[in-house]
Amino acid sequence: MTSSICEEIICGESSMKTNTLKILCVGRICLDIVQMCIQFPSEDSTQRSIEYRWQRGGNASNTCTVLSLIGQPCELLACLSADEHINFLQNDLRKYKIDYSHCRMINGIGCPVSTIILSLDTGSRTIVHHCDLPELTLKNFEQLNLEEYSWIHFEGRNVDVVLLMIQRIDNYNNSLNFTRATKNRIPITISVELESPRSGSGLLNLLPYIDVAFIAKEFAEYLGFSNMNEVIHNIGQDSKGAIICAWSEEGAIARTPCGSIVQSPAFPPRKVIDTLGAGDTFNAAALYYLNKNKIEFMYKYKEEATCMNDNQTKDTSDNNTTVKRDIKENLGTGSSGYNRAKFINDIVLQQTIRFACCIAGAKVGLKGYDCLD
Ligand code: ADP
């Protein structure tokens, strides 16, 4: 970790309860072929790159890399092509301790590939992507044991199927009742990144069903917004969750479920070297920080909920009823609606985006992700 601000935040957390539940990232894994050039080449020219590397890529896969480097147990759910690149990708997932045991293996269709040109001159990353793999299905998602996760993050794509997956998570959350028998289970928080213009404005249909939405600059620009302030004042006004919007060197802005708006500047390195995956890094750091706060919040209430369940028949006072109602609202259980994002107040959200900008700023100042190690 290169920045003292990051160190301050992480060291201050050493007394935290250890979190063994995983964050699951649902989306893509691909092969990145990265060429670093002094300048972006002109069309129809030949140019030598100064460096060349292959790496594991894809939004969900990158987010897992960073989560793992920060120390968060995580899992990737994606389609994996069983072609000649499979060993490279699987070895790298293992190297970074990313669980990929539920990935759907596909025979006969090649691995998705991104050809990426990095410009040292401007720090830009230009991506040409190819993918023939099918999308994940609900059946793939149903293989998971939801008790293993505290948070599930989706790449915004395949909207109809993602909505079914979200429905399954909701059913699971609503089934929790906080007795001793279910002591180690907590409701799963749901987040989605809206990034790809290719998926169209239909991605906005996910907003009413999720707890945290990441609105990427690329998607916001596709919708016609030209700055992050416009985004935060215009997207997801009816959503019950938090909205987070990162905007390159301008940092990030976010809105709590209650409507408070918070902001963080970027933390630029001395020289921008590699902005590839800056957004995935930002998302991972934000997920880590929010999940940590959620776990603390949940356990505080869960202790009370479990004790009360044990004493249920003895204590029928008004006070007990009120606490129970608060617990239900805060933990998001029961069939009468919920607000799982209630733990995300303005202080938590401000710290979250500051932490995420700090980690993403460190990442863009060095090659790849190892600066976060
Ligand atoms: P994406 O990879 O989706 O294009 P962004 O460019 O919006 O992501 O960047 C995400 C975050 O990474 C920003 O909020 C910022 O904190 C950090 N970041 C990106 N580019 C820079 C930069 N040039 N200088 C400092 N921080 C940056």
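We count ligands from 1, going down the list as the structure has it; atoms in each ligand are counted the same way. Sequential numbering from 1 along the given sequence is applied to the chain's residues. When reading the values below, keep in mind they use all heavy atoms of this one structure, side chains included, and skip hydrogens, waters and symmetry mates.
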Give every donor-acceptor pair under 3.5 Å between a side-chain atom in residues 84-93 and any protein atom, sequence neighbours left out.
residue, atom, partner, partner atom, Å
N91, OD1, R94, NH2, 2.6
N91, ND2, N87, O, 3.2
D92, OD2, R56, NE, 2.8
D92, OD2, R56, NH2, 3.1

Checklist outcome for this item: Those residues at least two apart in sequence (or on a different chain) that pass salt bridge (Lys or Arg N to Asp or Glu O under 4.0 Å) with E51 are K367
Quick one: ligand 1 N/O to protein N/O pairs below 3.5 Å?
residue, atom, partner, partner atom, Å
ligand 1, 2 (O), G279, N, 2.8
ligand 1, 6 (O), S248, OG, 2.8
ligand 1, 7 (O), S248, N, 3.0
ligand 1, 8 (O), G279, N, 3.3
ligand 1, 14 (O), G251, O, 3.0

Indicate every side-chain donor-acceptor pair of residues 277-287 with a distance under 3.5 Å to a residue at least two apart or in another chain.
residue, atom, partner, partner atom, Å
D280, OD2, N62, ND2, 2.9
T281, OG1, G277, O, 2.8
N283, ND2, E193, OE1, 3.4
N283, ND2, E193, OE2, 3.2

Next on the checklist: Would K294 and F297 count as a cation-pi pair here, with the cationic atom under 6.0 angstrom from the ring centre and within 45° of the axis?
Outcome noted: no
Item to check | In one Ile/Leu/Val/Met/Phe/Trp/Tyr side-chain cluster, 4.5 Å: I261, I243 | outcome: yes
Checklist outcome for this item: Heavy-atom closest pair (C25 atom, T63 atom, distance to 0.1 Å) is SG-CG2, 3.9 Å
